[in-house]
Amino acid sequence: MTVIATESLSKRFPRVTALDRLSVDIAPGVTGLVGANGAGKSTLIKILLGLSPASEGRASVLGLDVAKDGSAIRESVGYMPEHDCLPPDVSATEFVVHMARMSGLPPSAARERTADTLRHVGLYEERYRPMGGYSTGMKQRVKLAQALVHDPRLVLLDEPTNGLDPVGRDEMLGLIRRVHTDFGISVLVTSHLLGELERTCDHVVVIDGGKLLRSSSTSDFTQATASLAVEVTDTTDHPDGTKALRTALDLAGLTVQPAGRGADGAPGSDHVLLVDLASEETYDTVRDTIADLGLGLVRMEQRRHRIAEIFRSDDDADAPDAPDGKTKPAGPAGASAHGNGGAVDAA
Ligand SMILES: Nc1ncnc2c1ncn2[C@@H]1O[C@H](COP(=O)(O)OP(=O)(O)OP(=O)(O)O)[C@@H](O)[C@H]1O
């Protein structure tokens, strides 16, 4: 079963091709749509909602044709737009009730659902305050609440973590996950941060220049790219701390290489080591080895993923279909014609 299916979907504006023969099937669950700014994410969402016609190709949402059934789609689908769209003088309650009424709910059901959804997004206490005084995080929560209020089967969330600090991001990602686990609603969530979607989504679709780069389960992405970037200080005992650490980690049986220069030509650092994340214990081994050597730890973090790595893993695997058979990659050759390589980082 698919909730969203596109077939050779294209959208051309006079100066730019925003979507270029995009074919992808999205199953129920939480799916991340990742791409750099301008990759075509918002354009795809607008087509899926029946708000903007495609130039070519076909798309269906919940089995409905986007070209013909726009209003039926919008009845069953919630939409959280990217940009700020909240009237500053009204309260969250007034606004979400209004959106519920616009979706066809009778007044009492609209009030009830509004209270439930605002509670779900953690805005219950502040719900009667004018939204002009809300923080960015609170505004994002109201936008999420209005997308959920009419009890949709699917929600399309356009950059819901935009403008949030790391804590706010984590909270929003947790809420998004619970939209599916608590209510069974499928989610398509866009971001330019691959790393944050990896933590939240069952499946990740990557687009670049309007083309499909890759569509696969999140675990496939993580396995393909998991490594630990480690940077240490030098000491009097170890004037080249990085070298000493590399030798010790080799002896401890870990696979280590210098970060050097990235495959996409981005500058790396001679002082950063990349350690293959064989298991959770890798963290402990690295920490203990650094402590034994008496070195200072500057940073230890899961390595940032870059679009270039996705190209590389596609090459290595000869652009295979995902195990569930849903993937139809456009292939790295076509995708690399666009200039956004390296612009998508992990959170
Ligand atoms: N109405 C429009 N007229 C002309 N060009 C457009 C229009 N809407 C989008 N585009 C162009 O289409 C491309 C894809 O834009 P889109 O907004 O879908 O990207 P995005 O992945 O959502 O990026 P962002 O996160 O920056 O919004 C961009 O080059 C954009 O400038």
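Atoms within a ligand are numbered from 1 in the order they appear, just like the ligands themselves. When reading the values below, keep in mind they use all heavy atoms of this one structure, side chains included, and skip hydrogens, waters and symmetry mates.
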* Asked: Shortest non-hydrogen contact from Val232 to Leu245?
  -> CG1-CD2, 3.8 Å

* To do: Please report the closest heavy-atom contact between Thr114 and Ala100, naming both atoms and the distance.
  => OG1-CB, 4.5 Å

* At under 4.0 Å between heavy atoms, which part of Glu159 makes contact with ligand 1: side chain, backbone, both or neither? -> side chain

* Against heavy atoms of Ala39, which atoms of ligand 1 measure under 4.0 Å? -> 19 (O), 20 (P), 21 (O)

* Under 4.0 Å from a heavy atom of Ala36: give me the atoms of ligand 1 that qualify, with their elements. => 21 (O)

* Name the closest protein heavy atom to atom 14 (C) of ligand 1, giving the residue it belongs to and the distance to 0.1 Å. => Gly38 O, 3.3 Å

* Asked: Which protein non-hydrogen atom lies closest to atom 12 (O) of ligand 1, naming both residue and atom, and how far is it?
  -> Ala18 CB, 3.4 Å

* Structure fact -> CZ (Arg101) and NE2 (His98) are apart, to the nearest 0.5 Å, by 10.0 Å

* **Where Cys201 and Val189 come nearest, the two heavy atoms and their spacing** => SG-CG1, 3.9 Å

* Asked: Among protein heavy atoms, which sits nearest to atom 3 (N) of ligand 1, and what does the distance come to when rounded to 0.1 Å?
  -> Phe13 CD2, 3.4 Å

* So which bit of Pro14 gets within less than 4.0 Å of ligand 1, heavy atoms only: side chain, backbone, both or neither? -> neither

* To do: Taking only heavy atoms of Asn37 into account, list the atoms of ligand 1 that are under 4.0 Å away from them.
  => 23 (O), 25 (O), 26 (O)

* Say whether Thr17 and Lys11, considering side chains only, have a donor N or O and an acceptor N or O under 3.5 Å apart. => no

* Asked: Of the choices Lys11, Arg15, Arg12, Lys41, which has the non-hydrogen atom that lies closest to atom 20 (P) of ligand 1?
  -> Lys41

* Asked: What residue and heavy atom of the protein are closest to atom 11 (C) of ligand 1, and at what distance?
  -> Val16 CG1, 3.6 Å

* Asked: Tell me: protein heavy atom nearest atom 17 (O) of ligand 1, and distance?
  -> Ser42 CB, 3.7 Å

* To do: Work out which heavy atom in Thr285 is nearest to a heavy atom in Ala252; give both atom names and the distance.
  => CG2-CB, 4.0 Å

* **Test item: side-chain donor near acceptor, Asp158 and Ser42, under 3.5 Å** => yes

* Measure the distance from atom 18 (O) of ligand 1 to every protein heavy atom, then report the residue, atom name and distance (to 0.1 Å) of the closest one. => Thr43 OG1, 2.5 Å

* Report yes or no: does Gly40 have a heavy atom closer than 4.0 Å to ligand 1? => yes

* To do: Please indicate, with yes or no, if any protein heavy atom is found under 4.0 Å from atom 31 (O) of ligand 1?
  => no

* Between the side chains of Ser186 and His180, does any donor sit under 3.5 Å from an acceptor? -> no

* Verdict with supporting geometry, Leu228 and Met300, side-chain contact (heavy atoms from CB on, under 4.5 Å) -> CA-CA 7 Å; Leu228 205 58; Met300 177 162 82; 3.9 Å; yes

* His192 side chain to Glu159 side chain, donor-acceptor N/O pair below 3.5 angstrom -> yes

* **Protein heavy-atom partner closest to atom 27 (O) of ligand 1 - residue, atom, separation in Å** => Glu82 OE1, 3.2 Å

